[in-house]
Amino acid sequence: MLRTMALLRALVGAVRSVRHAPRLAAGFVPDDDVLLDAPDDRLAPALVAAALADPEPAAKLLATTRDCGEWEDRDRYVTRLATFAYSRDGWLTHWLAAAPRDPDALLVTAQLAVRRAWESPARAERLRELAPLIAAVAEEAPRDPVPWRLALDHARGAHAGHTVFESHWEQAVRRSPHHYGCHVAALKYLSAQWYGSHRAAFDFAEQAADDAAEGSLVRALPVRAAYDRLRMDAAEDRSVPPARIDRAADRALALSAAYPVGDPWPAEVRNLLAYVLVQRGRWDEARAEFGRIGPYATSFPWGAARGSAPEDPPPSSRLRSSRGDPLLGFLAARDRVRVELARRTPLWETGVGRGGQGGPGGH
């Protein structure tokens with residue numbers, strides 16, 4: 001009898017999925033239209049020119065961000081340009097040859113060098129060798145917080161102590177008190193994976209979010225701490241209860257709702273929030289968040305996602321095969337949300353309504 005009932009439930013769930021899943025996909029951008037790490041209208045021409053070995057558009061773009069104090073944009077552009085240079089650096093070599101003390105060229109060079117050192121088996125030693133370069137970059141652009149974000153990342157990988165970290169943090173916030181990249185770098189240093197704890201990370205993230213201005217991405221920093229907590233095997237760690245993770249998601253939901261649907265600026269925060277909502281089984285909210293993301297998938301967090309817990313096998317074959325492929329991971333997570341909501345919707349009900357908050361931690 002028990003086996004018969006289990007089979008019946010499985011059959012009903014399958015019928016519900018077939019009946020409701022297509023309707024629940026309404027509002028999602030079609031799979032083929034989803035873009036991974038799409039550059040904005042300012043960065044795209046610089047990347048195209050770099051592919052043609054022309055550094056001038058990148059130089060002009062970064063000079064503008066430096067002159068205008070556009071620190072958030074500057075941080076993003078430096079990171080993306082260094083990522084491009086990781087596999088195609090001829091344009092950067094040309095730029096440095098023409099202007100060896102250009103603060104923007106030096107910053108991209110330092111970002112690239114840190115990434116390469118980070119991937120070395122001798123990471124700490126290689127990173128320590130880069131300390132003079134990072135110091136020189138900071139000296140060349142005294143108002144810029146981005147070198148100090150880089151210094152915080154460097155300190156973490158080089159096993160620098162708390163005194164060094166606190167010194168770098170002081171320099172960073174002196175230049176830009178609510179710079180998102182610097183806050184993320186500090187949160188990583190304070191995480192349980194590195195030199196802090198889950199509780200310390202949440203305390204830092206929540207205080208920073210409380211202090212941040214309306215609309216600042218720092219207001220979503222606690223959801224980054226929630227992501228780190230969910231990613232680590234911390235079943236015995238009760239320092240961060242599930243309710244605190246859900247409050248972090250609630251904060252990020254409020255921030256996301258303040259931005260237009262399909263806005264590329266908060267895309268990474270929205271992708272991160274969607275990941276946390278999926279892990280918490282908050283299916284209705286996850287569906288709404290994927291709708292707000294629109295076509296803008298980001299490699300983080302989907303490129304690093306572990307997938308579902310062993311006790312909760314994914315319903316989608318695409319999710320099972322998505323490890324290491326961030327775009328596939330993003331699409332698989334959307335599939336999972338749609339299927340989970342469909343399974344919870346009564347067979348003949350036309351609305352999603354009361355079926356959407358299943359799973360552990362659902363509201």
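Remember, it's a predicted structure, so these values are computed and weren't measured experimentally.
Here R80 does not pair with D40 in a salt bridge; the nearest charged N to carboxylate O distance is not below 4.0 Å. The existence of a salt bridge linking E214 and R219 is confirmed by a sub-4.0 Å separation between a basic side-chain nitrogen and an acidic carboxylate oxygen. Ion pair R338/D335 flagged as a salt bridge, since at least one NZ, NE, NH1 or NH2 atom sits closer than 4.0 Å to an Asp/Glu carboxylate oxygen. Contact check on R244 versus D203 returns a salt bridge, with a Lys/Arg side-chain nitrogen under 4.0 Å from an Asp/Glu carboxylate oxygen. A salt bridge does not link E72 with R76: every distance from a Lys NZ or Arg NE/NH1/NH2 to an Asp or Glu carboxylate oxygen is 4.0 Å or more. Ion pairing of R334 with D31 is present here, as a side-chain N (NZ or NE/NH1/NH2) and a carboxylate O approach within less than 4.0 Å. Salt bridge D263/R292: absent, no basic N to carboxylate O contact under 4.0 Å.
The backbone N or O of L127 sits less than 3.5 Å from a side-chain atom of H154, completing a donor-acceptor pair. Between the side chain of D89 and the main chain of L92, no donor-acceptor pair closer than 3.5 Å is present. The closest donor-acceptor contact from the side chain of N271 to the backbone of A267 lies under 3.5 Å. Between the T64 side chain and the K60 main chain, a donor and an acceptor come within less than 3.5 Å of each other. Side chain of T79 to main chain of D75: a donor-acceptor pair is present (N/O by atom type, distance under 3.5 Å, no hydrogens or angles). In this structure a side-chain-to-backbone donor-acceptor pair under 3.5 Å is present from R88 to A51. In this structure, the side chain of S256 does not engage the main chain of L253 through any donor-acceptor pair within 3.5 Å. In this structure, the side chain of R149 does not engage the main chain of H183 through any donor-acceptor pair within 3.5 Å. For R282 (side chain) and V278 (main-chain N/O), no donor-acceptor pair under 3.5 Å exists by modelled atom type.
Between Y189 and F165, the ring planes lie parallel to each other; the angle is under 30°, not in the 30° to 60° tilted range.
Closest non-hydrogen pair, A208 versus V218, comes out as O-CG1, 3.6 Å. The shortest heavy-atom contact between A185 and D153 is CB-OD1, 3.4 Å. Heavy-atom minimum distance, A333 versus F290: CB-CZ, 3.8 Å. For V261 against G291, the heavy-atom pair with the smallest separation is CG1-O, 3.4 Å. Among all heavy-atom pairs drawn from A200 and L190, the shortest one is CB-O, 4.2 Å. Across every non-hydrogen atom of V269 and A220, the tightest pair is CG1-CB, 3.5 Å.
Seen from the ring of Y195, R156 does not count as a face-on cation partner, given the 6.0 Å and 45° thresholds. A cation-pi geometry, defined here as NZ or CZ lying under 6.0 Å from the six-membered ring centre and within 45° of its normal, does not hold between R126 and W118.
Side-chain atoms of D73 and T65 include no donor-acceptor pair closer than 3.5 Å. The closest side-chain donor-acceptor pair between Q171 and R175 falls under 3.5 angstrom.
Ring pair W71/H179: centre-to-centre distance not below 6.0 Å. Less than 6.0 angstrom separates the ring centroid of Y227 from the ring centroid of F300. In this structure, the ring of Y296 has its center no less than 6.0 angstrom from the ring center of W265.
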